[in-house]
Asker: 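I have a structure here, written as structure tokens, and I will follow up with some questions on it.
Along the sequence shown, residues are numbered consecutively beginning with 1. Just so you know, these numbers come straight off a predicted model, no measurement behind them.
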Amino acid sequence: MAVSLAFAGVLELLALALVRLTRRNEVFERRWQEQFGVSPEVCTRLWDLCDPYNTMPNAVKPVYLLWALAFLRQYNTESNSSSAVGGPDEKTYRKWVWLFVNEISYLEA
């Protein structure tokens with residue numbers, strides 16, 4: 001399955017907002033790794049492998065994958081974790097994070 005360049009751009013824009021930067025540079029690369037624990041390319045590939053448009057509810061958004069990766073990286077309380085990614089409602093945060101965490105856990109190496 002080919003990685004969509006358009007999707008990679010969307011993911012990058014979402015992450016820029018989450019790591020509080022305006023453009024991609026060396027600081028962006030470092031903050032991305034700190035926030036999500038993997039490279040932008042791995043995030044894009046992970047999205048393709050999870051195939052969320054076919055395996056999850058219709059309201060799925062790419063930012064939810066980033067929430068899940070940030071959660072796995074930091075494994076903090078839901079309150080602190082949701083605040084760190086922009087402050088979504090904890091119920092919404094919990095729903096999407098665990099959908100992606102479970103989906104990632106089913107992937108084969």
Asker: Evaluate the side-chain proximity of Leu69 to Cys43: yes if any heavy-atom separation is below 4.5 Å, no if none is.
Answerer: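 Yes, their side chains come closer than 4.5 Å.
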Asker: Can you get from Tyr106 to Tyr64 by hopping between Ile, Leu, Val, Met, Phe, Trp and Tyr side chains that sit under 4.5 Å apart?
Answerer: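 Hydrophobic grouping puts Tyr106 apart from Tyr64.
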Asker: Do Ile104 and Leu49 have side-chain heavy atoms sitting under 4.5 Å apart?
Answerer: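 When only atoms from C-beta onward are counted, Leu49 and Ile104 do not touch, as no gap falls below 4.5 Å.
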Asker: Side-chain donor-acceptor contacts of residues 88-96 below 3.5 Å, not counting sequence neighbours, with atom names and distances?
Answerer:
unit_1	atom_1	unit_2	atom_2	d
Asp89	OD2	Lys91	N	3.0
Asp89	OD2	Thr92	N	3.3
Arg94	NE	Glu78	OE1	2.8
Arg94	NE	Glu78	OE2	3.1
Arg94	NH2	Glu78	OE1	3.0

Asker: Side chains of Gln35 and Arg73, heavy atoms from C-beta outward: is any pair under 4.5 Å?
Answerer: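 The answer is no; the side chains never approach within 4.5 Å.
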Asker: I need the minimum non-hydrogen distance between Ala68 and Phe100, along with the two atoms involved.
Answerer: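 Heavy atoms only, the tightest pair is CB-CB, 3.5 Å.
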Asker: What are the two closest heavy atoms between Leu107 and Cys50, and how far apart are they?
Answerer: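 Reported closest heavy-atom pair: CD1-SG, 4.1 Å.
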Asker: Any salt bridge linking Arg45 with Glu41? Criterion: basic side-chain nitrogen under 4.0 Å from a carboxylate oxygen.
Answerer: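 Looking at Arg45 and Glu41, the cut-off is not met.
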Asker: Would you sort out whether Arg30 and Glu34 count as a salt bridge (Lys or Arg N to Asp or Glu O under 4.0 Å), showing the intermediate values?
Answerer: CA-CA 6 Å; Arg30 180 176 47 80; Glu34 290 171 357; 3.3 Å; yes
Asker: Looking at Gln33, is its backbone amide N or carbonyl O close enough to the side chain of Ser39 to form a donor-acceptor pair, meaning the two atoms are under 3.5 Å apart?
Answerer: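 Such a contact is absent between Ser39 side chain and Gln33 backbone.
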Asker: Return the NZ to CG distance between Lys61 and Leu66, rounded to the nearest 0.5 Å.
Answerer: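 Reported value, rounded in 0.5 Å steps: 13.0 Å.
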Asker: Which heavy atom in Trp47 sits nearest to a heavy atom in Pro62, and how many Å separate them?
Answerer: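 In terms of heavy atoms, the two residues are closest at CZ3-CA, 3.4 Å.
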Asker: Do Trp67 and Leu72 come within less than 4.5 Å of each other through their side chains, counting heavy atoms only?
Answerer: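 No - every pair of side-chain heavy atoms lies 4.5 Å or more apart.
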Asker: Can you get from Tyr75 to Val38 by hopping between Ile, Leu, Val, Met, Phe, Trp and Tyr side chains that sit under 4.5 Å apart?
Answerer: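 Shared cluster, yes.
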Asker: Under the side-chain contact (heavy atoms from CB on, under 4.5 Å) rule, what do Leu99 and Val60 come out as? Steps first, then yes or no, please.
Answerer: CA-CA 10 Å; Leu99 279 170; Val60 67; over 6 Å; no
